[in-house]
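Each chain gets a letter, A, B and so on, in the order its sequence line appears, and its residues count up from 1.
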2 protein chains.
Amino acid sequence: MAITMPKKFGFLMIFNLTLTEIVLSGNVLIWPTDGSHWLNIKIILEELTQRNHSVTVLASTATLFINSSLDSPINFEEIPVSFTKNDIDSLIEHMVMLWTNHRPTPLTLWTFYKELGKLLDTFFQINIQICDGVLNNPKLMSRLQEGSFDVLVADPVTICGDLVALKLGIPFMYTLRFSPASTVERHCGKIPAPASYVPAALSELTDRMTFGERVKNSISYPLQDYIFQSYWGEWNVYYSKVLGRPTTLCETMGKAEIWLLRTYWDFEFPRPYLPNFEFVGGLHCKPAKPLPKEIEEFVQSSGEHGIVVFSLGSMVRNLTEEKANLIASGLAQIPQKVLWRYQGKKPDTLAANTRIYDWIPQNDLLGHPKTKAFITHGGTNGIYESIYHGVPMVGVPMFADQHDNIAHMKAKGAAVEVNMHTMTSAELRDALKTVIYEPSYKENAMRLSRIHHDQPVKPLDRAVFWIEFVMRHKGAKHLRPAAHNLTWFQYHSLDVIGFLLACMATVIFLVTKCCLFSCRKFGRTGKKKKRE
Amino acid sequence: MAITMPKKFGFLMIFNLTLTEIVLSGNVLIWPTDGSHWLNIKIILEELTQRNHSVTVLASTATLFINSSLDSPINFEEIPVSFTKNDIDSLIEHMVMLWTNHRPTPLTLWTFYKELGKLLDTFFQINIQICDGVLNNPKLMSRLQEGSFDVLVADPVTICGDLVALKLGIPFMYTLRFSPASTVERHCGKIPAPASYVPAALSELTDRMTFGERVKNSISYPLQDYIFQSYWGEWNVYYSKVLGRPTTLCETMGKAEIWLLRTYWDFEFPRPYLPNFEFVGGLHCKPAKPLPKEIEEFVQSSGEHGIVVFSLGSMVRNLTEEKANLIASGLAQIPQKVLWRYQGKKPDTLAANTRIYDWIPQNDLLGHPKTKAFITHGGTNGIYESIYHGVPMVGVPMFADQHDNIAHMKAKGAAVEVNMHTMTSAELRDALKTVIYEPSYKENAMRLSRIHHDQPVKPLDRAVFWIEFVMRHKGAKHLRPAAHNLTWFQYHSLDVIGFLLACMATVIFLVTKCCLFSCRKFGRTGKKKKRE
């Protein structure tokens with residue numbers, strides 16, 4: 001790690017630190033996950049390079065979004081794999097279609113889980129190939145060894161980053177959005193989650209639950225734990241083999257120095273956490289830049305009615321013709337102008353107020369003063385841009401965490417949900433009118449925006465601070481709870497409870513015995529006396 | 001609240017905030033606790049006034065340290081009470097003597113707790129007088145109403161600050177060091193504390209416990225809860241009377257917007273907490289200023305051996321003659337020069353290397369490059385100054401949280417403990433030699449210092465940030481967990497567990513019944529068939 005003086009940390013307390021400790025120019029190794037995850041971590045990498053760090057991304061030869069064509073000094077190390085970009089593309093399309101076309105009835109639920117199981121298994125095979133592509137690749141490993149990295153930052157949705165770090169003998173940390181029912185955060189990160197007010201991720205519940213919802217929530221946790229054990233359990237064998245000693249995926253994940261979670265209290269419900277968890281949601285958000293001329297003219301043509309921004313994210317490109325027509329006819333019924341990011345066939349019902357674009361400058365549009373509402377699939381990145389700019393939302397969730405994300409925004413009064421499967425044109429129109437004309441939605445969106453902006457340090461600066469902290473101190477052990485050293489029954493004090501119950505039982509037994517003995521003795525003495 | 005632009009929050013994100021929201025000149029009402037607590041909060045008040053806030057301190061006419069003679073623009077509102085400074089002084093002296101002279105044997109334990117109970121009762125009577133002095137004082141209350149305060153910051157060790165805030169209709173927040181076994185933080189603030197690795201405050205345990213220690217810890221929690229219920233329970237009646245509805249002290253405390261805790265992860269063991277808890281330990285620490293000429297000359301005369309700083313804090317002024325002689329003769333046996341803050345009679349055994357002072361510039365001495373060790377009673381303020389400057393400690397704890405504080409520093413390898421009751425001169429000398437000449441103590445003290453200095457924002461700035469946040473947003477409800485809306489059995493999901501057990505029992509009962517019925521039926525049919 002080269003010695004330079006800090007550039008941006010004007011607020012960093014540097015008394016008593018020797019020069020080697022305030023070093024801020026280091027080598028960072030990145031273990032990313034593709035898709036929207038990459039879009040988020042890319043922002044951190046760009047900031048790291050701006051702060052004079054050398055950044056190297058480890059990615060397979062078959063990535064969709066991760067590429068070296070960026071106009072930035074980020075290095076890329078390719079992991080050779082036998083699958084191709086097309087395989088990944090069709091796999092993701094398969095997953096999106098499975099989720100979006102699934103109507104939650106008991107009859108289809110079985111097929112859904114069976115199909116999902118198959119998909120997860122394919123992902124597992126792909127992930128194993130990525131792991132082997134590094135760990136069983138002496139040339140690549142020796143190049144990485146020579147790279148003298150100071151820290152590895154991993155998105156744990158793609159497994160093995162931690163293993164690579166351990167093999168290289170460097171500290172590692174995570175950047176994570178969530179795991180279902182926070183299984184990973186709870187079991188491997190040790191954060192507590194009382195089922196009475198911490199809704200399980202993906203449950204679509206809030207922190208204020210009825211009795212029935214609390215029952216559902218309490219069942220969600222062990223159910224997800226079971227699924228985690230059965231799906232992720234296969235990794236325990238792999239991890240033990242690589243590390244040459246019996247271990248588990250979870251035990252290894254527990255060695256992470258810091259967990260950067262991609263949410264904050266504008267989005268999350270307040271819940272317990274640990275000092276090595278840092279909530280950096282919305283780190284990618286930026287003030288709006290001026291719009292391209294054509295778009296700006298269209299936006300300005302909306303007059304006092306303003307505009308609606310509409311995107312279903314980077315993963316969904318097409319809809320059925322029927323669905324697209326239904327949506328377009330709904331949009332036709334509002335006085336606002338609509339900018340719709342859509343790559344499918346132009347719907348027949350498309351009205352003059354709606355324009356279709358292959359791509360839109362989403363953040364710049366959401367930050368435009370004329371923007372009245374955002375129709376979103378509910379991805380975390382988009383929701384955070386909406387929070388950042390204080391724009392109320394109409395949520396059309398489709399898969400993964402999107403339903404849960406929209407449930408959060410609904411609970412905070414900043415969104416209305418429309419069901420993708422059952423919606424009519426009128427429902428979409430009414431939802432838009434509600435968030436645009438009922439003032440509470442704008443007020444709540446602005447309240448979340450204020451919360452987001454009013455933090456002691458910006459999320460991106462905090463994320464980078466903790467990466468640099470781990471580099472400066474070769475870890476952050478002082479933030480890691482001792483819970484990691486306990487077995488599950490010790491953690492829950494089951495041995496102590498058992499011991500105390502045994503003590504109580506012994507005392508009760510002895511006291512009862514003594515009483516009985518005394519009663520008998522005094523009884524006999526009494527009888528004797530009577531006889532006498 | 002007047003409208004001015006922010007002065008110091010260069011790092012504050014101000015996009016999307018309207019002018020009224022970035023207001024930083026407000027009216028702050030302070031509900032302090034006397035003694036070392038005041039010395040800590042005073043630093044926050046000075047910072048608040050420097051940032052153009054108007055600060056008013058509500059304090060009784062009989063305070064020891066809290067006074068208006070400060071050369072600062074802090075306002076004071078006097079609460080009329082019938083007790084005097086001397087009463088408080090002798091009460092504290094009584095408490096210190098009781099604690100310091102108590103040798104923990106089963107025989108004396110009973111007397112100790114009986115005496116302590118009496119003392120707590122006297123404190124209760126004094127506290128009630130303070131409460132009545134405000135709440136039953138229409139003139140004072142109407143002056144406070146006219147003061148248009150934006151927030152009340154209370155040290156909850158002196159009870160009633162929250163009540164005053166509720167009566168004035170303003171948000172309130174706490175600044176707190178600890179409560180025994182974190183009873184207040186757990187029950188009223190709702191932070192979880194797994195007994196398996198979170199040592200109960202005052203237990204002198206660490207986060208790495210043997211089975212026996214975990215048993216002790218698991219008992220400590222309910223024991224302290226019981227003491228809290230019985231001692232603080234009297235307040236429930238008072239609070240219900242003042243608020244005119246049935247309530248409890250704990251329910252009212254739970255309405256605090258933010259809890260500023262006066263520790264950090266350099267001192268604490270990593271443990272779960274909630275987003276409305278902020279750890280601002282060491283906010284009073286500052287870089288060392290040059291020493292007065294006479295002291296600097298004495299320090300320089302120590303040569304390469306350096307100096308030892310020795311203070312038993314602001315509460316202990318005298319020791320028995322025997323103890324003072326024993327200490328002086330221990331200090332005589334080291335090559336370092338010693339600066340001892342002591343107001344008692346000069347001990348006969350005092351050697352040339354030791355000088356006694358009525359008062360010492362403790363922080364400036366601890367920050368002096370010649371300082372090798374700090375002999376301390378283990379008060380949090382002093383420990384934090386030692387951490388700040390990276391000075392290893394010899395702890396001579398006497399009362400309150402001091403034993404526990406020293407246990408923390410011992411666990412982190414930065415201190416050696418000497419027993420005040422049983423120590424010999426040789427033990428004190430050996431303890432000093434250990435922390436001075438065994439390099440690990442200095443290394444660990446420096447490690448803690450680095451952790452303390454390497455935070456994204458300084459503790460004092462964080463404390464002030466959250467006070468200003470509560471002023472800007474009239475609270476911090478987005479950080480308050482929904483756990484506050486649950487009863488204790490709902491919080492622990494006991495109703496859900498009961499319901500699920502009942503469901504299981506019903507299913508088992510029905511299945512068993514069905515099986516029995518089928519067996520009987522098939523049994524009969526079988527018998528019939530056999531007969532046929």
Open item on the list: Please classify the contact of P272(A) with chain B as side chain, backbone, both or neither, using a heavy-atom distance under 4.5 Å.
Closed with: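 Contact with chain B: backbone and side chain both.
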
TODO: With sequence neighbours excluded, tell me which residues meet side-chain contact (heavy atoms from CB on, under 4.5 Å) with P270(A).
DONE: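 With sequence neighbours excluded, P270(A) shows a side-chain contact (heavy atoms from CB on, under 4.5 Å) to D207(A), P275(B), P481(B), given in chain and number order.
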
Task: Side-chain touch P456(B)/F469(A), heavy atoms, less than 4.5 angstrom - done: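 No, every pair of side-chain atoms sits at 4.5 Å or beyond.
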
For the interface with chain A, which of [options] has the highest count of heavy-atom pairs at distances below 4.5 Å?
| options | value |
| --- | --- |
| L500(B), L274(B), L448(B), N276(B) | L274(B) |
| F269(B), Y273(B), W265(B) | Y273(B) |
| T206(B), I451(B), I497(B) | I451(B) |

Open item on the list: Tell me whether the count of non-hydrogen atoms from other residues, nucleotides or ligands lying under 6.0 Å of NZ in K286(B) goes above 12.
Closed with: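 Atom NZ in K286(B) is not crowded, with 12 or fewer foreign heavy atoms closer than 6.0 Å.
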
- [ ] Using a cut-off of under 4.5 Å on heavy-atom pairs, state which of M209(A), R271(A), R462(A) scores highest against chain B.
- [x]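 Highest number of heavy-atom pairs under 4.5 Å: R271(A).
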
Task: For chain B, the option from S493(A), A483(A), S218(A) that forms the most heavy-atom pairs under 4.5 Å - done: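 Of the candidates given, the most pairs with chain B belong to A483(A).
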
Task: Residues in residues 484-491 of chain B near chain A [non-hydrogen atoms, under 4.5 Å] - done: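 The list, in residue order, reads N485(B), L486(B), Q490(B), Y491(B).
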
Open item on the list: Using the rule given for side-chain contact (heavy atoms from CB on, under 4.5 Å), can you reason through D495(A) versus R214(B), listing the C-alpha separation, both sets of side-chain angles and the distance that settles it, and then say yes or no?
Closed with: CA-CA 10 Å; D495(A) 51 349; R214(B) 286 195 290 115; 2.5 Å; yes

TODO: State whether a side-chain donor-acceptor pair under 3.5 Å links D266(B) with H478(A).
DONE: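 Absent: no donor and acceptor within the cut-off.
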
TODO: Under the side-chain contact (heavy atoms from CB on, under 4.5 Å) rule, what do V457(A) and F465(B) come out as? Steps first, then yes or no, please.
DONE: CA-CA 10 Å; V457(A) 181; F465(B) 175 86; over 6 Å; no

Task: E468(B) CD to D454(A) CG distance, which is reported to the nearest 0.5 Å - done: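 The CD atom of E468(B) sits 9.5 Å away from the CG atom of D454(A).
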
- [ ] Please state whether the rings of F499(B) and F211(A) are parallel, tilted or perpendicular, taking 30° and 60° as the class boundaries.
- [x]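 Rings of F499(B) and F211(A): perpendicular, over 60°.
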
